[in-house]
Structures are given as structure tokens and as C-alpha cells.
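Below is one structure, written out as C-alpha cells, with a few remarks after it.
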Amino acid sequence: QVQLVESGGGLVQAGGSLRLSCAASGLTFSSYYMGWFRQAPGKEREFVTAIGWSPSNTYYSDSVKGRFTISRDNAKSTVYLQMNSLKPEDTAVYYCAAILTPSSWPAFLPGEYDYWGQGTQVTVSS
């Protein structure tokens, strides 16, 4: 069975940093494009960033560009999200997702992804 397991979330003060990890199993990790989404209470799940096969093939939402960095380690079947200069509005449950064959790239919509993790809570205090 396919599993995506996020970790690294927690409570941090505004301006601080966190590094999220998403460990994948049950799939050929290198064959998948990976994405990070987030969902705050009462809001829809929104695209944060995504990475393709190449480390340079990355995309970021305008709200996180310049602050967040996505990366992947295929040897460890893990995708990371380095979050710097965190703001209270970054508070959300963060989910990693995998997509094998996107019809278009980057894939911005949650419904396009094949697999999802359980999410990890990130809370940024002011």
C-alpha cells in the first residue's frame, strides 16, 4: 500500500523556521512529481509548492515564494519543505501529495494528485 507520512510540524514564533518531511513508501518515488498543500480551518486546501523529477523543476505559490523551499531526496524517498520567515497566516495543516502523470504541470488542484499524506500541523504565533 502507498503511504505518505509527513513530519516536522509544530509551534513556532513568527519569523522562525521549520522543516517538514514527507516520507513515501509503496511507490516508485522517483517516478512521481510531489507537491505540498495546506489547509487552514474553514478554508479550502491550497497549493503551496511542487517539484518534478529535476531538482530545478519547482513551483511556488506567490504567498510563499522567497520564503519556502521544496526539495527531494530520491534515495530516501522523501520530499522536504523548508519554511523560513514564517507568518501567522502560514498556520495550517500541511499535506504532501504525489502525482504520477499530471495532465499539465505544475498541478495546482488537489483533485489532480494520486496520493496524500495525513498532514502535519504548523502553527505560527505572533
Side-chain angles (χ1 to χ4, degrees):
Q1 59 181 357
V2 174
Q3 287 189 325
L4 303 178
V5 181
E6 301 97 333
S7 62
L11 176 64
V12 65
Q13 291 184 329
S17 298
L18 284 173
R19 190 193 194 199
L20 306 184
S21 299
C22 174
S25 62
L27 53 75
T28 303
F29 182 77
S30 61
S31 297
Y32 285 78
Y33 285 38
M34 302 296 297
W36 285 96
F37 290 75
R38 66 187 182 186
Q39 187 167 22
K43 296 185 178 180
E44 296 183 349
R45 192 167 299 188
E46 66 173 349
F47 174 84
V48 177
T49 181
I51 187 169
W53 295 319
S54 171
S56 62
N57 186 14
T58 58
Y59 301 88
Y60 299 90
S61 67
D62 290 340
S63 63
V64 307
K65 188 176 297 183
R67 300 188 297 121
F68 291 11
T69 303
I70 188 172
S71 61
R72 66 189 297 163
D73 186 339
N74 289 344
K76 297 181 179 180
S77 296
T78 301
V79 62
Y80 304 95
L81 181 63
Q82 178 66 47
M83 305 185 295
N84 299 325
S85 302
L86 283 162
K87 305 174 181 179
E89 50 263 45
D90 295 318
T91 296
V93 176
Y94 283 71
Y95 299 89
C96 69
I99 181 169
L100 180 60
T101 308
S103 58
S104 63
W105 188 255
F108 298 114
L109 302 178
E112 297 181 85
Y113 285 77
D114 299 309
Y115 303 106
W116 291 86
Q118 83 290 342
T120 185
Q121 177 70 48
V122 172
T123 302
V124 184
S125 64
S126 59

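Each residue takes its place number in the sequence, starting with 1. From a predicted model like this one, the values you see are computed outputs, not experimental measurements.
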Query raised in the report: Rounded to the nearest 0.5 Å, how far does SG of C22 lie from CH2 of W116?
Result: 10.5 Å

Requested in this report: Kindly state whether the ring of Y33 and the ring of W105 have centres lying under 6.0 angstrom apart.
Outcome: yes

Report task. Mind listing the closest non-hydrogen atom pair of S30 and R72 along with its distance? Result -> CA-NH2, 4.0 Å

Query raised in the report: Is the Lys NZ or Arg CZ of R38 less than 6.0 Å from the centre of Y95's six-membered ring, within 45° of the axis?
Result: no

Report task. Kindly give the heavy-atom pair with the smallest separation between Y113 and A50, and that separation in Å. Result -> OH-CB, 4.0 Å

**Report entry** Single-linkage hydrophobic cluster V93~Y115, side-chain heavy atoms < 4.5 angstrom
**Finding:** no

Query - Where S126 and A14 come nearest, the two heavy atoms and their spacing - result: CA-CB, 4.4 Å

Query raised in the report: Between T69, V122, D90, which is the residue that forms a side-chain contact (heavy atoms from CB on, under 4.5 Å) with M83?
Result: V122

Query raised in the report: So which heavy atom on S125 is nearest to which on L11, and how close?
Result: CB-CD1, 4.3 Å

Requested in this report: Using atom types as modelled and distance alone, determine if a side-chain donor or acceptor of S85 lies under 3.5 Å from a backbone N or O of R67.
Outcome: no

Query raised in the report: Step by step, would you call D73 with T78 a side-chain hydrogen bond (donor to acceptor under 3.5 Å, both in side chains)?
Result: CA-CA 5 Å; D73 186 339; T78 301; over 6 Å; no

**Report entry** Spacing of OG belonging to S17 relative to CD belonging to Q82, to within rounding of 0.5 Å
**Finding:** 6.0 Å

Query raised in the report: Does the ring centre of Y32 sit less than 6.0 Å away from the ring centre of W53?
Result: no

Query raised in the report: Cluster question for you: counting only ILVMFWY and a side-chain heavy-atom cut-off of under 4.5 Å, with indirect links fine, are L4 and I70 together?
Result: yes

Query raised in the report: Quick check: does any side chain N or O of T91 sit under 3.5 Å from a backbone N or O of V124, one acting as donor and the other as acceptor?
Result: yes

Query raised in the report: With side chains defined as the heavy atoms from C-beta onward, is the minimum distance between Y80 and R19 less than 4.5 Å?
Result: yes

Report task. Identify whether V64 and F108 are in the same connected component of the hydrophobic contact network (ILVMFWY, side-chain heavy atoms under 4.5 Å). Result -> no

Requested in this report: With rounding to the nearest 0.5 Å, note down the distance linking CD in Q1 to CD in Q3.
Outcome: 5.0 Å

Query raised in the report: Any donor and acceptor pair, going by atom type alone, linking the side chain of E6 with main-chain N or O of Q118 inside 3.5 Å?
Result: yes

Query raised in the report: Does one hydrophobic cluster hold both V79 and L100, with members joined at side-chain heavy-atom distances below 4.5 Å?
Result: yes

Query raised in the report: Looking only at heavy atoms, what is the nearest atom pair of E112 and S104, with distance?
Result: OE1-OG, 4.3 Å

Query - Nearest-0.5 Å distance that lies between atom OG1 in T101 and atom CG in D114 - result: 7.5 Å

Report summary line: In this structure, OG1 of T123 is separated from CD of Q13 (nearest 0.5 Å) by 13.0 Å

Query raised in the report: Is there a donor-acceptor pair closer than 3.5 Å between any side-chain N or O of Y94 and the backbone N or O of L81?
Result: no

Report summary line: When rounded to the nearest 0.5 Å, the distance separating OH of Y59 from CD1 of I51 is 11.0 Å

Query - Side chain to side chain, F29 and M34, heavy atoms closer than 4.5 Å - result: yes

